[in-house]
**Q** 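Structure provided below as structure tokens; questions to follow.
Ligands are counted one by one from 1 in listed order, and the atoms in each one are counted from 1 as well.
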Amino acid sequence: MSKKDIRSLSLDQIKKFFLENGFKDYRGDQVYSWLWEKSAINFQQMTNLPKSIRSILEESFIVNHIRVHTIQKSKDGTIKNGIKLFDDLIVESVLIPTKKRITACISSQVGCSLNCKFCATARLKRMRNLNPDEIYDQVALISKQSKEYYNRSLTNIVFMGMGEPLMNYKNVIEAIKMITSKKGLGISARRIVVSTSGIPKMIKKMADENVKFKLAVSLHSAVDSIRTSIMPFNEKMNLSELKLALKYWYKKTKRIITYEYVVWKGINDTIEDANALVDFCKFAPSKVNLIQYNSIDDNKFSQASKDNIYLYQKILEENNINVTIRRSRGQDIDAACGQLANKPSLN
Ligand code: SAH
């Protein structure tokens with residue numbers, strides 16, 4: 001029988017295991033602290049446990065810890081990690097340093113089931129969902145690297161790596177519980193952004209559950225025919241459904257919605273496109289991040305001209321919608337948004 005990953009057990013379940021095996025239940029607290037707070041990768045590291053307990057644990061469980069497979073450092077300081085999972089699949093996690101922040105950009109799935117035409121991860125298809133501990137470990141790793149490389153603490157977490165977090169909702173929520181818990185990394189939920197391509201049903205569920213993290217929606221077009229042509233799943237979950245879900249989100253949470261939006265030449269760079277965006281998002285306080293397009297070796301997409309991007313900015317501002325033009329980081333090592341696709345490291 002294959003051994004169970006001990007981190008799929010709750011604290012209560014671990015305590016129960018100890019009680020059933022004739023030990024005191026505080027051993028459960030000790031092990032739990034080693035596994036999460038201290039990121040132990042095996043039972044031998046748990047030095048405040050008697051050897052006998054460590055062997056029983058070893059006989060019964062494994063610790064499926066992530067391993068750093070490759071590290072690449074960009075000239076702008078961004079660090080991209082290729083992460084090997086217990087079954088040898090690989091995902092990527094990125095550390096992004098700026099003057100004020102250090103952000104961890106983490107993955108929620110191996111590959112992705114959505115087929116956004118402009119995203120390199122889409123080419124990998126979805127292999128599997130990440131487990132809560134695999135998501136947690138990425139944050140713990142970047143937090144450690146942040147101290148090691150920059151002597152600073154991790155300040156923000158964005159679910160903008162590989163995968164669609166709302167298609168792995170349960171595990172993402174479990175991971176966030178541990179990331180924010182005092183028994184885990186103790187990072188405030190307000191510093192976490194979950195970015196979604198826009199799954200209406202799951203946005204409503206999140207609103208009902210009154211989650212405390214921030215929501216970002218990758219909109220890219222507020223015209224159904226255009227959005228469907230670049231994000232084909234929009235055909236089944238179209239903009240009116242998305243808008244209803246977001247209205248519900250706002251009604252329940254009263255929290256601002258961030259839209260991520262790339263302006264592409266000849267695709268969504270006209271005044272009509274910008275006006276459609278204004279129409280789409282003015283129902284609630286919102287913010288638009290105009291993000292830079294990161295090339296994925298595809299001749300169908302190219303960044304719109306500066307003039308057209310400024311035009312977007314002007315139209316949004318005239319309509320009192322908060323807008324920022326975002327520069328991308330880590331492009332030279334394929335670590336920027338949409339470029340995560342396990343390209344082999346050249347170093
Ligand atoms: N699946 C989630 C999170 C991962 S993508 C989502 O769709 O939001 C993170 C962000 O990068 C999204 O806004 C996505 O639309 C954007 N993105 C994808 N490919 C890109 C590319 N080639 N250039 C710039 N941004 C891209």
**Q** Which protein heavy atom lies closest to atom 13 (O) of ligand 1, and at what distance to 0.1 Å?
**A**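 The protein heavy atom lying closest is S218 OG, 2.6 Å.
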
**Q** Flag this pair as yes if the NZ/CZ of K314 is under 6.0 angstrom from the six-membered ring centre of Y312 and inside a 45 degree cone about the axis; otherwise no.
**A**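 Pair K314/Y312 does not count as cation-pi.
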
**Q** Closest non-hydrogen protein atom to atom 19 (N) of ligand 1, residue and atom name please, with distance?
**A**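 It is G338 CA, 3.0 Å.
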
**Q** Would you mind telling me if ligand 1 is within reach of the side chain of L114, the backbone, both or neither, using heavy atoms under 4.0 Å?
**A**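 Neither part.
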
**Q** Parallel, tilted or perpendicular: which fits the ring planes of F118 and W264, with parallel below 30° and perpendicular above 60°?
**A**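 Tilted.
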
**Q** Does ligand 1 have an atom under 4.0 Å from some heavy atom of G163?
**A**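 It does, in that a heavy atom of G163 comes within the 4.0 Å cut-off of ligand 1.
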
**Q** Taking a cutoff of less than 4.0 Å between a non-hydrogen atom of the residue and any ligand atom, is G161 in contact with ligand 1?
**A**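 A heavy atom of G161 does come that close to ligand 1.
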
**Q** Determine whether the side chains of D208 and Y248 contain a donor N or O and an acceptor N or O closer than 3.5 Å.
**A**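 Yes.
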
**Q** Mind checking what makes side chain to side chain donor-acceptor pair (under 3.5 Å) contact with D269, not counting sequence neighbours?
**A**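 Expected list: N308.
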
**Q** Measuring from atom CZ of R227 to atom CE of M237, what distance do you get when rounded to the nearest 0.5 angstrom?
**A**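 Nearest 0.5 Å value for the CZ-CE distance: 9.0 Å.
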
**Q** Given the side-chain rings of F213 and F159, with only the six-membered ring counted for Trp, is the space between their centroids under 6.0 Å?
**A**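 F213 vs F159: aromatic centres not under 6.0 Å.
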
**Q** Provide, to 0.1 Å, the distance between atom 23 (N) of ligand 1 and the closest protein heavy atom, together with that atom's residue and name.
**A**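 Result: N294 N, 3.0 Å.
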
**Q** Starting from atom 2 (C) of ligand 1, find the nearest protein heavy-atom neighbour and note its residue, name and distance.
**A**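 Heavy-atom neighbour on the protein nearest atom 2 (C) of ligand 1: S195 O, 3.3 Å.
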
**Q** State yes or no: do L154 and V193 share one hydrophobic cluster built from I, L, V, M, F, W and Y residues joined by side-chain heavy-atom distances below 4.5 Å, directly or via other members?
**A**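 L154 does not cluster with V193.
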
**Q** To the nearest 0.1 Å, how far is atom 5 (S) of ligand 1 from its closest protein heavy atom, and which atom is that?
**A**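 Answer for atom 5 (S) of ligand 1: M160 O, 4.0 Å.
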
**Q** Same hydrophobic cluster for F233 and V262, using side-chain heavy-atom links shorter than 4.5 Å among ILVMFWY?
**A**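 Yes.
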
**Q** Sub-3.5 Å donor-acceptor pair from the side chain of N64 to the main-chain atoms of L85, do we have one?
**A**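 Between the backbone of L85 and the side chain of N64 there is no qualifying donor-acceptor contact (under 3.5 Å).
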
**Q** Does any N/O atom on Y293 come nearer than 3.5 Å to any N/O atom on ligand 1?
**A**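 No, there is no polar N/O contact under 3.5 Å.
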
**Q** Show which atoms of ligand 1 fall inside a sub-4.0 Å distance from at least one heavy-atom site of F159.
**A**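 By the 4.0 Å cutoff, the relevant atoms are 3 (C).
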
**Q** For ligand 1, which atoms, with element, lie under 4.0 Å from some heavy atom of C119?
**A**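 Under 4.0 Å from C119, ligand 1 has these atoms: 18 (C), 19 (N).
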
**Q** In chain order, what residues pass the side chain to side chain donor-acceptor pair (under 3.5 Å) check against K287, with sequence neighbours excluded?
**A**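 N289.
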
**Q** Are any of the N/O atoms in F118 less than 3.5 Å from those in ligand 1?
**A**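 Yes, since at least one N or O of F118 sits under 3.5 Å from an N or O of ligand 1.
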
**Q** Would you mind checking which non-hydrogen protein atom is closest to atom 11 (O) of ligand 1, with the distance to 0.1 Å?
**A**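 Answer for atom 11 (O) of ligand 1: C337 CB, 3.3 Å.
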
**Q** Which of the atoms in ligand 1, numbered in the order shown and given with their element, are less than 4.0 Å from a heavy-atom of S197?
**A**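 Those of ligand 1 that fall under 4.0 Å from S197 are 6 (C), 7 (O), 8 (O).
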
**Q** Of the backbone atoms (N, CA, C, O) and the side-chain heavy atoms from C-beta on, which set of F301 has a member under 4.0 Å from an atom of ligand 1: side chain, backbone, both, or neither?
**A**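 For F301, there is no contact with ligand 1 at all, from either part.
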
**Q** Residue-level breakdown please: for E260 versus ligand 1, do any non-hydrogen atoms fall below 4.0 Å on the side chain, on the backbone, on both, or on neither?
**A**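 Under 4.0 Å from ligand 1, E260 contributes side-chain atoms alone.
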
**Q** Is E174 salt-bridged to K177, cutoff N-O under 4.0 Å?
**A**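 Looking at E174 and K177, the cut-off is met.
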
**Q** What part of I296, side chain, backbone, both or neither, has a heavy atom within less than 4.0 angstrom of ligand 1?
**A**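 For I296, the contact with ligand 1 is made by the side chain alone.
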
**Q** From atom 15 (O) of ligand 1, work out which of H220, Q292, Q303 has a heavy atom at the shortest distance.
**A**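 Looking at heavy atoms only, H220 sits closest to atom 15 (O) of ligand 1.
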
